[in-house]
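Presented below is the structure to which this report refers.
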Amino acid sequence: MVPVAIAAGWLDALFLKSSEGESREVDDDKVRRYKEEVVTISHKYFLLDDIPELIRSLEDLGSPEFNPIFLKKLITLAMDRKNQDEKLASVLLSSLHREIFSTEDIVNGFVTLLVSAEYIALDILDASNELALFLARAVMDDILVPLNLEKISNRLPPNCTGTQSVPP
């Protein structure tokens, strides 16, 4: 249950079980501030199309453990804007993968995004197809390989609407 809640963004990714088996929450305020900063950074990127500046801004935040949260925010913001911003987001993902994001960051980001697909669809009419296009572009740009898509699909909870976006 906890991994699903983390993937959906309901719990902080740093919500961990201690060695004694007790749950502890790590500074939700830090995650909230990170998300606010990410929105600002992303909007600036969509306006200026300056990848090196965005990368510097992310590195300045100093929270690489939140890279999957950035991916989710970036794609969600791009889907809520115009087609040009979706293209910019895809180009940025490719650059981030080469510079600072691991493949695991990308996989975790897409899992988080797809788990929340049902909620994204409330605001974006064709969310399922839009998400599928982002996944396809990630494969075309060698950010993900088909094995990663299988991994993403296997990590989605049963009856998750995001599974409609992952190619078989």
Side-chain angles (χ1 to χ4, degrees), residues 1-13 31-32 34-51 54-55 57-58 66-168:
M1 182 82 76
V2 171
V4 172
I6 290 170
W10 298 322
L11 289 177
D12 178 17
V31 174
R32 184 187 52 73
Y34 178 83
K35 288 179 179 180
E36 290 170 358
E37 288 292 326
V38 162
V39 169
T40 302
I41 292 168
S42 297
H43 283 294
K44 184 176 178 181
Y45 169 69
F46 291 137
L47 184 64
L48 302 175
D49 186 16
D50 187 351
I51 292 173
L54 182 132
I55 290 173
S57 296
L58 277 179
F66 297 145
N67 287 349
I69 294 171
F70 177 81
L71 185 144
K72 177 186 175 192
K73 276 286 187 198
L74 174 72
I75 293 176
T76 303
L77 288 169
M79 288 172 56
D80 204 25
R81 296 170 60 97
K82 52 189 177 223
N83 287 340
Q84 178 62 25
D85 291 338
E86 291 178 0
K87 292 175 188 170
L88 287 172
S90 290
V91 169
L92 177 60
L93 284 181
S94 186
S95 293
L96 289 172
H97 186 249
R98 283 192 308 274
E99 299 286 330
I100 59 174
F101 279 28
S102 68
T103 300
E104 195 61 26
D105 289 335
I106 303 289
V107 167
N108 289 339
F110 273 110
V111 168
T112 303
L113 185 63
L114 293 167
V115 166
S116 63
E118 182 177 345
Y119 302 104
I120 294 169
L122 296 173
D123 295 326
I124 300 163
L125 295 177
D126 201 18
S128 181
N129 286 334
E130 296 282 334
L131 293 169
L133 290 173
F134 272 103
L135 281 167
R137 177 72 187 259
V139 171
M140 289 174 46
D141 291 344
D142 293 324
I143 298 168
L144 297 174
V145 296
L147 185 60
N148 297 131
L149 294 179
E150 185 178 323
K151 186 176 185 179
I152 290 169
S153 183
N154 290 338
R155 290 184 48 202
L156 296 175
N159 301 320
C160 173
T161 60
T163 57
Q164 298 168 2
S165 300
V166 183

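FYI, the numbering just counts along the sequence from 1.
Interatomic distance, Asn148 CG to Ile106 CD1, rounded to the nearest 0.5 Å: 9.5 Å. Note that the CD1 atom of Ile152 and the CG atom of Leu144 stand 5.0 Å from one another [nearest 0.5 Å]. The line from CG of Leu93 to CG of Leu74 is 5.5 Å long, rounded to the nearest 0.5 Å. Atom CG of residue Leu71 and atom NE2 of residue His97 lie 11.0 Å apart, to the nearest 0.5 angstrom. Rounding to the nearest 0.5 Å places CG of Leu58 at 11.5 Å from OH of Tyr45. Summarising the geometry, atom CG belonging to Leu88 is positioned 11.0 Å from atom OG belonging to Ser42; distances are rounded to the nearest 0.5 Å.
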ask   = Going through the distances and angles, do Lys151 and Glu104 end up as a side-chain contact (heavy atoms from CB on, under 4.5 Å)?
value = CA-CA 10 Å; Lys151 186 176 185 179; Glu104 195 61 26; 2.7 Å; yes
message = Checking Asp126 against Met79 for the side-chain contact (heavy atoms from CB on, under 4.5 Å) test, could you report, in this order, the C-alpha distance in whole Å, the side-chain angles of both residues, the deciding distance, and whether it holds?
response = CA-CA 9 Å; Asp126 201 18; Met79 288 172 56; over 6 Å; no
key: Residues Ile120, Leu113; criterion side-chain contact (heavy atoms from CB on, under 4.5 Å); working and verdict   = CA-CA 9 Å; Ile120 294 169; Leu113 185 63; 3.6 Å; yes
request  = Applying side-chain contact (heavy atoms from CB on, under 4.5 Å), run through Ile143 and Phe101 and close with a yes or a no.
outcome  = CA-CA 10 Å; Ile143 298 168; Phe101 279 28; over 6 Å; no
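The 12-atom threshold is exceeded at CG of Leu48, counting heavy atoms of other residues, nucleotides or ligands nearer than 6.0 Å.
In this structure, the side chains of Val38 and Phe66 stay at 4.5 Å or more apart for every pair of heavy atoms. Between Thr112 and Ile69 there is no side-chain heavy-atom pair separated by less than 4.5 Å. At least one side-chain heavy atom of Glu86 sits less than 4.5 Å from a side-chain heavy atom of Phe134.
Closest of all the heavy-atom pairs between Ala89 and Ala78 is CB-CB, 3.7 Å.
Using a distance-only test at 3.5 Å, with no hydrogens or angles considered, no donor-acceptor pair links the side chain of Asp80 to the main chain of Leu77. Side-chain N or O atoms of Thr40 include one that pairs as donor or acceptor with a backbone N or O of Glu36 at under 3.5 Å.
Sorted by first and then second residue, the pairs that involve residues 159-168 and meet side-chain hydrogen bond (donor to acceptor under 3.5 Å, both in side chains), not counting sequence neighbours, are Ser128-Ser165.
Salt bridge status for Glu37 with Lys73: absent, with no side-chain N to carboxylate O gap under 4.0 Å.
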